[in-house]
Amino acid sequence: MIDQKKIEEAVRLFLEGIGEDVSREGLKETPGRIARMCEELYGGMEEDASVHLSKTFSVDSSEMVIEKDITFYSTCEHHILPFYGKVHIAYIPDRNVVGLSKLARTVEVFARRLQLQEQLTGQIADALMEFMQPKGALVMIEAEHMCMTMRGIKKPGSRTITLARRGVFESDPALEERFFRMLPAEH
């Protein structure tokens, strides 16, 4: 649960710590704004992916389903700076599919937390396997990390790509190859 009062006090201390005057006009309401923003950015801590993935629909097919280019924004737990990009999800249904918007909602559940990209990729894949019980799932994330682009090494445009394979995607390389053929060339 997000404690707005603690966040407001922490922001005041932070502003004082960097030499700001917390009583100046432009900063007076900043602690409250940051506390409200935290509810939006880190609300995934209070959410459960099963809410989105447990409502399925029966199908006769077990052909690959791909939802690509799901935009996400998350926050690096090491530097508390944003990282953002695209998530591509594939799964092989085992008699059930989920509404396509539910895949994007599942991404949001895990992205709206302090996070590592590698961990985020695995969490999405694991949730698909646990709650949808497909034959297999594959999640690929491409992201730019502000901790690499605006500080530290300062390399704007560099992207990190992570991949998590579960079920039949681990044992059948042809399925993974098919997934990559279906993504645009820039991926």
Side-chain angles (χ1 to χ4, degrees), residues 2 33-57 63-93 97-132 134 136-167 169 175-187:
I2 292 180
R33 281 193 289 272
I34 299 295
R36 289 187 301 279
M37 177 190 72
C38 286
E39 285 188 357
E40 181 179 344
L41 295 183
Y42 308 117
M45 297 296 296
E46 308 291 323
E47 293 184 55
D48 183 353
S50 68
V51 170
H52 305 296
L53 295 175
S54 59
K55 173 99 170 103
T56 60
F57 306 95
E63 292 297 319
M64 187 184 309
V65 176
I66 296 177
E67 181 74 17
K68 61 184 185 177
D69 295 328
I70 302 168
T71 301
F72 79 95
Y73 299 90
S74 193
T75 307
C76 168
E77 67 183 35
H78 293 153
H79 298 100
I80 319 274
L81 286 172
F83 67 97
Y84 55 91
K86 303 282 185 185
V87 177
H88 314 290
I89 296 173
Y91 71 94
I92 307 291
V97 295
V98 69
L100 296 176
S101 70
K102 304 305 184 192
L103 296 174
R105 290 184 191 284
T106 300
V107 168
E108 288 298 305
V109 165
F110 295 111
R112 293 176 56 215
R113 304 174 179 189
L114 288 178
Q115 196 56 278
L116 297 175
Q117 181 176 335
E118 299 87 343
Q119 180 176 280
L120 174 62
T121 309
Q123 288 171 336
I124 296 166
D126 290 342
L128 295 172
M129 293 302 290
E130 180 179 353
F131 302 116
M132 290 177 57
L138 187 150
V139 177
M140 177 180 158
I141 298 181
E142 301 176 80
E144 185 167 330
H145 292 249
M146 297 304 287
C147 58
M148 286 226 0
T149 62
M150 71 179 283
R151 61 153 305 277
I153 193 133
K154 296 182 181 142
K155 297 296 178 201
S158 61
R159 294 184 309 175
T160 301
I161 299 174
T162 51
L163 188 70
R165 296 179 314 235
R166 303 292 188 266
F169 282 101
L175 285 173
E176 185 176 336
E177 290 172 26
R178 196 164 134 211
F179 167 78
F180 281 112
R181 281 194 312 270
M182 295 177 83
L183 292 180
E186 75 239 19
H187 298 285

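If you read the sequence from its start, that first residue is 1, and numbering goes on from there.
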Worksheet item: Aromatic rings Phe83 and His145: how do their planes relate, parallel, tilted or perpendicular, breaks at 30° and 60°?
Response: parallel

Discussion item. To the closest 0.5 Å, what do you measure between NE2 (His88) and CZ (Phe179)?
Written reply: 6.5 Å

Discussion item. When you compare the side chains of Thr71 and Lys86, does any donor N or O come within less than 3.5 Å of an acceptor on the partner?
Written reply: yes

Worksheet item: Roughly how far, to the nearest 0.5 Å, is the CD atom of Glu177 from the CE atom of Met182?
Response: 14.0 Å

Item to complete: Looking only at non-hydrogen atoms, find the nearest pair between Tyr84 and Met146 and report the distance.
Response: CE2-SD, 3.8 Å

Worksheet item: Within a reach of under 6.0 Å around CD1 of Ile153, are more than 12 heavy atoms found that belong to other residues, nucleotides or ligands?
Response: no

Discussion item. Within the 4.5 Å heavy-atom criterion, are Ile89 and Val107 side-chain neighbours or not?
Written reply: yes

Item to complete: Without swapping roles, check the side chain of Arg113 against the backbone of Gly44 for a donor-acceptor pair under 3.5 Å.
Response: yes

Fill in: From CD (Glu39) to CD (Glu46), nearest 0.5 Å
9.0 Å

Worksheet item: Given Met45 and Leu114, is the side-chain contact (heavy atoms from CB on, under 4.5 Å) satisfied, shown in steps?
Response: CA-CA 9 Å; Met45 297 296 296; Leu114 288 178; over 6 Å; no

Item to complete: Taking Arg112 for its side chain and Glu40 for its backbone only, find out whether a donor-acceptor pair lies under 3.5 Å.
Response: yes

Worksheet item: Knowing that exactly one of Val139, Ile66, Val65 qualifies, which makes a side chain to side chain contact (heavy atoms under 4.5 Å, CB included) with Tyr91?
Response: Val65

Worksheet item: At their closest point, which heavy atom of Glu144 faces which heavy atom of Gly157, and how far apart are they?
Response: OE2-N, 3.4 Å

Discussion item. Nearest 0.5 angstrom please: Arg159 CZ to Met148 CE, how far?
Written reply: 12.5 Å

Worksheet entry | Heavy-atom pair with the smallest gap, counting every atom of Leu128 and Pro134 | O-CD, 3.2 Å

Practice prompt. Report the distance from atom CG of Leu175 to atom CZ of Phe169, rounding to the nearest 0.5 Å.
Written response: 5.5 Å

Discussion item. Whether Arg178 and Glu63 form a salt bridge (side-chain N of Lys/Arg under 4.0 Å from carboxylate O of Asp/Glu) is what I want to check.
Written reply: yes

Response to the item:
Closest non-hydrogen atoms of Phe72 and Glu108, given as atom of the first, atom of the second and distance, are CA-OE2, 4.2 Å

Discussion item. Can you tell me how far apart CG (Leu53) and CE (Met129) are? Round to the nearest 0.5 Å.
Written reply: 12.0 Å

Worksheet item: Going by distance alone, is a donor N or O of one side chain under 3.5 Å from an acceptor N or O of the other, for Gln117 and Thr162?
Response: yes

Practice prompt. Would you name the heavy atoms of Ala49 and Ala127 that are closest together and state the gap between them?
Written response: CB-CB, 4.0 Å

Response to the item:
side chain to side chain contact (heavy atoms under 4.5 Å, CB included) test vs Thr121 passes for just one of Ile141, Val87, Asp126, namely Ile141

Worksheet, complete the sentence: Closest heavy-atom pair, Met150 versus Leu81, reported as atoms and distance to 0.1 Å, is SD-CD2, 4.2 Å

Worksheet entry | Candidate pair Phe131 and Asp48, rule side-chain contact (heavy atoms from CB on, under 4.5 Å), full reasoning | CA-CA 11 Å; Phe131 302 116; Asp48 183 353; 4.2 Å; yes

